[in-house]
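All values reported here derive from a predicted model rather than from experimental measurement.
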Amino acid sequence: MAEADQTIDGNLLAAKSLAHFGVEHMFGVVGIPVTSFANRAVSLGIRFIAFHNEQSAGYAASAYGYLTHRPGVLLTVSGPGCVHGLAGLSNAMINTWPMVLISGSCDQNDVGQGDFQELDQIEAVKPFSKFSIKAKHVSEIPNAVAQVLHWSASGRPGGCYLDLPSDLLHQTVTIAEAEKLLSAAETFFVNATPETHVSGIEKTVSLLRNAKRPLIVFGKGAAYSRAENELKKLVENTGIPFLPTPMGKGLISDTHELAATAARSLAIGKCDVAFVIGARLNWLLHFGEPPKWSKDVVFILVDISEEEIELRKKSVNVGAGLVGDAKCVLESVNKAIKDEPFCLGKSHPWVEELKKKVKDNVVRLEAQLAKDVVPFNFYTPLRIIRDAILAVGSPAPVVVSEGANTMDVGRAVLVQTEPRTRLDAGTWGTMGIGLGYCIAAAVASPGRLVVAVEGDSGFGFSAMEVETLVRYQLPVVVIVFNNGGVYGGDRRSPEEIDGPHKHDPAPTSFVPGAAYHTLIEAFGGKGYLVGTPEELKSALSESFSAQKPAVINVIIDPYAGSESGRLQHKN
């Protein structure tokens, strides 16, 4: 039999389709009916990172999409596996990152009869995906794969879903037919840069030129579009101060002289024109409304989605809306400014006012950080961690920050000097992303150390994935701030301690002094227990140098934290 007449099954055709369209990594949990699919993908050169839990694998796939600018792919089994995968898919949708969830499903002939793990998965994913498709015959697989990969990254990125019934995976086509199907599907796989609507560029430049107190605000949308060079050019050519959102940090170094992060309240409260690039006016930016923002502020919005800009026009004064990829839009803005340059200058009253406030707040923070407080509060260990991360140099480690107090205080203390080196709970405030994001960062950014700074509650969501770190020998150091529970253990007032179960631990309490560092040791990783500055410095030095999987269990005073959730800024 000629090779072209030989047959391949749906598992191999699905794997070939992913490889053909450039997929290099997959994340997931295998089982019936997708185990052979995963094995076939590995045999074709796709690296499969196997997790313990689909939620963590889904978070990894979503972050991978952000970090690589290519869809992250999650593979799950049917029914419960698909449902668990929705955590990652919804996270990708909310954060507007490209991701594809692929799930096996029950035999099409048995639908409606209570088959093993039966679920109408197309219906289940609808609220969390921008596009979904079910391949009903083996010949439809290449086309379906091409479509979900395309739609996840086109326009405003987001999550897409592909359903592969178990009977389809065992159907066959000839090799010749498979090649024709793959070639035909290429017409659906378009990965072009979105067109930039240049209308509004002239108005934008005019608003910035005539502003008395302009401010540039940028977020993870600008990071996703790789707009860092254009942003830096804009800032340095115009002298306009800038404010990144938490995951926008590092696009321009936090140490830049025009960084206004340490004077955030003053910057957003007094600016008269805000140029917002790749960041939505949601809760993270106080919706662009008073009292945090001036009632007279004029916004210039850059977003890939026209609908997003139109939405904000209903509640704030939008002087200009630029629809398009942030990098492309900024190229046009910079070109227009070059033709008629302007620059605020270091002695401009607005620049001087912000710089003074930044200096005052930094001095105040550094005075607090300079104290070695034992038992640890949050500031002392975060200062030591900050200094250790900065000492690594370039390439800078990717920092994954998760938790309540740990993330909130860490946002003010930890310094980002390079793009896309901060991952945190994001737009949705998602807890449980920690280990998944760490694994995604290690896979997507080979050569970089990954450092997770996590509360003990956040760590608990995905702690078992430390075994995954060890199994794949990923350069991830997980630092757990152990204060005995959510916000710090039992914070109940006397009147709250009542009822027949009053002797139970508080809903916010964990086992005091939990030995989290021993968990990774069970799998052959390195664990550290620290409670003093010297112990923490030693553990960081050793683990950073080794670049091997490690957990550092940092014992924190349980009364050091406070309840948190929304961003709190006192500067």
Side-chain angles (χ1 to χ4, degrees), residues 9-11 13-15 17-18 23 26-38 41 51 53-62 65 71-154 156-171 185 188 428 430 432:
D9 66 4
N11 289 295
L13 183 57
S17 300
L18 291 175
V23 172
M26 294 174 68
F27 307 88
V29 178
V30 298
I32 297 171
V34 296
T35 305
S36 180
F37 174 21
F51 281 69
N53 182 289
E54 292 96 346
Q55 289 184 358
S56 292
Y59 293 141
S62 67
V73 178
L74 168 65
L75 180 65
T76 80
V77 299
S78 49
C82 176
V83 170
H84 292 167
L86 294 181
L89 192 69
S90 57
N91 191 61
M93 280 296 294
I94 295 296
N95 285 289
T96 68
W97 296 341
M99 175 186 160
V100 171
L101 166 61
I102 303 175
S103 295
S105 59
C106 71
D107 190 305
Q108 293 175 93
N109 294 319
D110 297 326
V111 171
Q113 300 186 69
D115 195 19
F116 176 68
Q117 295 187 332
E118 182 180 345
L119 175 70
D120 185 347
Q121 291 162 198
I122 291 290
E123 192 65 30
V125 304
K126 276 185 178 179
F128 312 109
S129 61
K130 59 186 288 191
F131 174 79
S132 59
I133 187 170
K134 181 174 187 173
K136 298 179 179 179
H137 186 269
V138 66
S139 62
E140 298 177 7
I141 290 176
N143 189 327
V145 169
Q147 288 193 68
V148 290
L149 291 172
H150 163 60
W151 287 114
S152 68
S154 67
R156 170 178 275 187
C160 290
Y161 174 69
L162 171 58
D163 192 281
L164 297 178
S166 59
D167 54 308
L168 167 147
L169 293 172
H170 298 292
Q171 294 171 3
F188 293 94
W428 226 8
T430 309

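Going from atom OG of S17 over to atom CG of L149 covers 9.5 Å, rounded to the nearest 0.5 Å. Q113 CD to E118 CD: the interatomic distance, rounded to the nearest 0.5 Å, is 8.0 Å. The structure places CG of D167 at 8.5 Å from CG of D110, a figure rounded to the nearest 0.5 Å. The line from OH of Y161 to CD1 of I122 is 5.5 Å long, rounded to the nearest 0.5 Å. Distance check: D107 CG to L169 CG gives 10.5 Å after rounding to the nearest 0.5 Å. Residue C82 holds its SG atom at 7.5 Å from CG of D163, rounded to the nearest 0.5 Å.
Residues P142 and L13 are in side-chain contact: their nearest non-hydrogen atoms beyond the backbone lie under 4.5 Å apart. By the 4.5 Å heavy-atom criterion applied to side chains, F37 and I102 are counted as neighbours. By the 4.5 Å heavy-atom criterion applied to side chains, L101 and L86 are counted as neighbours. The shortest distance between side-chain heavy atoms of L74 and L89 does not fall below 4.5 Å. Between S78 and S103 there is no side-chain heavy-atom pair separated by less than 4.5 Å. In this structure, S166 and F116 have side chains that are not in contact, with every pair of non-hydrogen atoms separated by 4.5 Å or more. Using a 4.5 Å heavy-atom threshold, the side chains of V148 and F131 count as touching.
Minimum heavy-atom separation, K130 to S154: NZ-O, 2.7 Å. Residues F51 and A60 share a closest heavy-atom pair of CZ-CB, 3.6 Å. Nearest approach of M26 to A41, heavy atoms of both residues: SD-CB, 3.9 Å. The shortest non-hydrogen separation linking M93 to G159 is SD-N, 3.0 Å. Between T76 and E54, the shortest heavy-atom distance links the atoms CG2-CG, 3.9 Å. Here the shortest heavy-atom pairing between C106 and D115 reads CB-OD2, 3.0 Å.
Take F27 and apply the ring-ring contact (aromatic ring centres under 6.0 Å, His included) test, not counting sequence neighbours, and it matches Y64.
The backbone N or O of K136 sits less than 3.5 Å from a side-chain atom of Q108, completing a donor-acceptor pair. Remark: side-chain polar atoms of Q147 are not paired, donor with acceptor, to backbone N or O of L162 under 3.5 angstrom. Distance alone, capped at 3.5 Å, places no donor-acceptor pair between the D9 side chain and the H170 backbone.
No more than 12 heavy atoms of other residues, nucleotides or ligands sit less than 6.0 Å from atom CD1 of I32.
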*Output, in order, the C-alpha distance, side-chain angles, deciding distance and verdict of side-chain contact (heavy atoms from CB on, under 4.5 Å) for V29 and V77.*
CA-CA 7 Å; V29 178; V77 299; 6.0 Å; no
*side-chain contact (heavy atoms from CB on, under 4.5 Å) assessment of N91 paired with W97*: CA-CA 8 Å; N91 191 61; W97 296 341; 4.1 Å; yes
